[in-house]
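Here the structure is laid out as structure tokens; the discussion comes afterwards.
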Amino acid sequence: MNKFVSSLLGSFVGTWIAFLLFGVVIFISGIIMIASLSLSNVSTPTAKITNNSVLRIDLNGEITERPMNKTLQEYINETEQNSLHNILYAIEKAETDDKISGIYVHCGVSSTGFASAKAIRDALLEFKEKSGKWIYAYGETIGETEYYISSVADSIFLNPVGVLDIHGFMAVVPFYKGLLDKIGVEMQIIRVGTFKSAVEPYMLSSMSDANRLQTQTYLNNLWDNVCDSISSARGISEQTINEYADSLMTFSSPEIAVKEKFIDGLCYDHEFESKIKGLIGINDDEDINYIDVNTFVNAKFKPVKSSNKITVLYATGEIYESGSNDGINSDELVPSILELAKDDDVKGLVLRVNSPGGSAYASEQIWEALEQFKKTGKPFAVSMGDYAASGGYYISCGAQRIFAEPTTITGSIGIFAMIPNFNGLLTDKLGITTDFVTTNANSDITVIKALSPVQTAAVQRTINRGYELFTTRCATGRKMDINKLKSIAEGRVWDATKAKEIGLIDEYGNTDDAVKWVAEKAGLGNSYDTEYLPEYKEDFMDLLYVTLSNSHYENKMKDKYGMLYDYFEEINTLLKKDQIQCRMENIIIK
């Protein structure tokens, strides 16, 4: 009987394994087939660029620094992705393409920083001035960032039941101390820098006076910059802009936006289409040949094969030593920098930094690799994006020239450690007690008990040494007296307008400006090509990895709980980070 049961169970198991393997084969084959069809469309434009084509720039959703790999679901749904790199490249190429009559900016509500927004705005302004071609903008709901970008357009139109949302800026900082108290987790904070506010969400319930001061200062400067730009472009006084924001005209009739000259007119989609058809001289029954950004870039892109190259190396996201796939991984970035130093075809480097910082150890490794690059005599510049703060500034400070937009957030030169103590959670909440047997006086450094005064003092000494190293790197790189550097450090966050005044950056400009500076320093004139690294390539393995890493469960949680899920993820990932950090706080500017 036992043999019979064993045999029967073995048959069932074998059958189910066979079914499982067959299912896996079918699943992977399906993915390969769909991926092959999808990826074949990536390299081939989906629309033909003919005379009187219109470049369509869609300001809606997230705008990343560079193109990102899509999931299988995004391919199936034909989800369009926006990247700053592709938008700027498309605008530049449209300027000289005779088949592009003009640009249609479709305004929505996008997720991008104001430095990226300014880069797009400046590119549109240059397109209009150099090409003489038109730019028209239209939207159903036009957010502040999108209006700031599209304010350079020849005309801006709004749907008759649409919304122009101008209400001023707000900085939101989530605080987790109350949650940590409830679950019995104490964050032991060791830091240097009065303004080093990244630790505040774990030790306070609201902003400190120092943090409120620095945030109010850079937020006001950002708003003033945006108001000044809109005022110049639209011929509206800054007072009118502020009155519109203060009076919550967002919720009033859109006719007021027309009356105050924010908007040139109200029209429905089909009426706006007729205006575009009039601009390009086609009949109302003909279709407009819209070319989206990614299609246009794919059609225009040519691989770089020059022996005179300026490399733009992207460093985007939080800084980690290793193990992260969505940030700056020093284990991957450092070898790339050292390879560029040895490559004779590479005549100079622009590091594109868009980072709030992260691991102090990883930041030092990247800084040192860049110093090795400089020893080759090749010029090295930094182009800052929305953020280049704390560790993001650490890896930037050694550049021979630092470029930033006036709306870039930078500085935050400080360092801290956060060491959790789970004793309250284990003992008070879960009823788990612990006891220790040790061989030495401080063998019991652990996350399940509080640090002793001796242990806290030892960690503080480590943090102090890290801060001295950080400030020394910055002072040396900026050729600044160390005491002067420390007077503007203390973990304080600066907007680039103020950062330029105090010597943390050199000049306003974007990545192209940095490339031109490097080319000039290298003596290349106009005889060079620009390559962008890491090289963006999509293949089946990338598709499979991104699809599997973006789990259905995680996406459902994000859709259902939104910002609450982000807060959960912040706590969840905190334990995975290096304990010694040079990172600015997570702040949301709206």
Side-chain angles (χ1 to χ4, degrees), residues 57 59-60 103-129 134-172 215-268 271-272 275 386 405-409 495-498 508 588-590:
I57 299 174
L59 300 179
N60 202 24
I103 293 178
Y104 162 34
V105 180
H106 182 256
C107 302
V109 179
S110 66
S111 173
T112 187
F114 282 93
S116 296
K118 187 177 187 305
I120 298 171
R121 188 180 190 276
D122 288 347
L124 289 171
L125 193 58
E126 184 174 342
F127 166 87
K128 191 167 73 168
E129 291 174 349
W134 52 265
I135 301 174
Y136 266 40
Y138 175 77
E140 295 81 26
T141 297
I142 304 179
E144 279 176 324
T145 309
E146 298 67 43
Y147 183 75
Y148 167 65
I149 293 171
S150 62
S151 63
V152 300
D154 298 286
S155 295
I156 307 173
F157 296 92
L158 181 68
N159 192 284
V161 291
V163 171
L164 173 62
D165 183 14
I166 298 176
H167 58 266
F169 292 167
M170 171 184 65
V172 181
T215 304
Q216 190 69 65
T217 300
Y218 71 68
L219 205 63
N220 286 345
N221 288 341
L222 291 180
W223 177 245
D224 289 345
N225 188 286
V226 167
C227 285
D228 179 67
S229 298
I230 293 173
S231 176
S232 298
R234 296 293 302 175
I236 307 170
S237 71
E238 292 186 41
Q239 180 182 345
T240 299
I241 297 170
N242 280 297
E243 286 175 353
Y244 187 98
D246 292 342
S247 303
L248 288 178
M249 291 298 179
T250 295
F251 301 102
S252 300
S253 169
E255 278 83 1
I256 294 177
V258 178
K259 179 183 177 183
E260 297 294 343
K261 300 182 180 178
F262 287 95
I263 299 295
D264 294 294
L266 304 176
C267 60
Y268 291 96
E271 293 172 320
F272 180 76
K275 294 179 187 295
D386 299 318
E405 302 288 2
T407 46
T408 295
I409 301 298
D495 62 277
T497 302
K498 190 64 179 179
Y508 301 139
I588 303 164
I589 300 177
K590 292 185 175 182

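Just so you know, these numbers come straight off a predicted model, no measurement behind them.
- A donor-acceptor pair under 3.5 Å links the side-chain atoms of Ser253 to the main chain of Glu255, judged by distance alone.
- Proximity of Tyr136 to Val105: side-chain heavy atoms (C-beta onward) are nowhere separated by under 4.5 Å.
- Donor-acceptor pairing under 3.5 Å is lacking for the side chains of Glu260 and Thr240.
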Given Tyr147 and Asp165, is the side chain to side chain donor-acceptor pair (under 3.5 Å) satisfied, shown in steps? CA-CA 8 Å; Tyr147 183 75; Asp165 183 14; over 6 Å; no
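- Residues Cys107 and Tyr138 fail the side-chain proximity criterion, which asks for heavy atoms closer than 4.5 Å.
- More than 12 non-hydrogen atoms from other residues, nucleotides or ligands lie less than 6.0 angstrom from NZ of Lys128.
- Side-chain contact between Thr112 and Thr145: present, with at least one pair of heavy atoms (C-beta onward) separated by less than 4.5 Å.
- Put simply, CG on Leu222 and CZ on Phe169 are 6.5 Å apart, with the number rounded to the nearest 0.5 Å.
- At least one donor-acceptor pair under 3.5 Å links the side chain of Glu144 to the backbone N or O of Gly168.
- Side-chain contact between Tyr508 and Thr497 is present, with at least one heavy-atom pair separated by less than 4.5 Å.
- Annotation: side chain of Ile142 is not in contact with side chain of Val163 (no heavy-atom distance under 4.5 Å).
- Within the 3.5 Å criterion, the main-chain N or O of Ile409 finds no donor-acceptor partner in the side chain of Asp495.
- Leu219 places none of its side-chain heavy atoms less than 4.5 Å from the side chain of Asn221.
- In this structure, Leu266 and Phe157 have side chains that are not in contact, with every pair of non-hydrogen atoms separated by 4.5 Å or more.
- Checked by atom type and distance alone, the side chain of Ser231 never pairs as donor or acceptor with a backbone atom of Cys227 at under 3.5 Å.
- Lys118 has no carboxylate O lying under 4.0 Å from a charged side-chain N of Asp386, or vice versa, which leaves the two without a salt bridge.
- A donor-acceptor pair under 3.5 Å is formed between the side chain of Thr407 and the backbone N or O of Ala115.
- Proximity of a side-chain donor or acceptor of Asp228 to a complementary backbone N or O of Asp224 within less than 3.5 Å is not detected.
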side-chain contact (heavy atoms from CB on, under 4.5 Å) assessment of Phe114 paired with Ile149: CA-CA 9 Å; Phe114 282 93; Ile149 293 171; over 6 Å; no
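- Considering CG of Leu124 and CD of Glu129, their distance stands at 11.0 Å, rounded to 0.5 Å.
- Each of Leu158, Ile256, Leu164 was checked for a side chain to side chain contact (heavy atoms under 4.5 Å, CB included) with Phe262, and the lone residue meeting it is Leu164.
- No side-chain donor-acceptor contact under 3.5 Å links Glu238 and Asn242.
- In this structure, CD in Glu140 is found 11.5 Å from OH in Tyr268, a value given to the nearest 0.5 Å.
- For the residue pair Phe272 and Tyr104, the shortest heavy atom distance occurs at CE2-CE1, 3.3 Å.
- Judged purely by atom type and a 3.5 angstrom limit, Asp264 uses its side chain to pair as donor or acceptor with the backbone of Ile156.
- Exactly one of Ile230, Val226, Ile236 qualifies for a side chain to side chain contact (heavy atoms under 4.5 Å, CB included) with Ser151. That residue is Ile230.
- Distance check, rounded to the nearest 0.5 Å: CD of Glu146 to CG of Leu59 gives 6.0 Å.
- Rounding to the nearest 0.5 angstrom, the gap separating the CD1 atom in Ile135 from the CD1 atom in Ile57 is 7.5 Å.
- Pairing each heavy atom of Tyr148 with each of Ser229, the nearest pair is CE1-CB, 3.6 Å.
- Atom CG of Asn220 sits about 10.5 Å away from atom OG1 of Thr215, to the nearest 0.5 Å.
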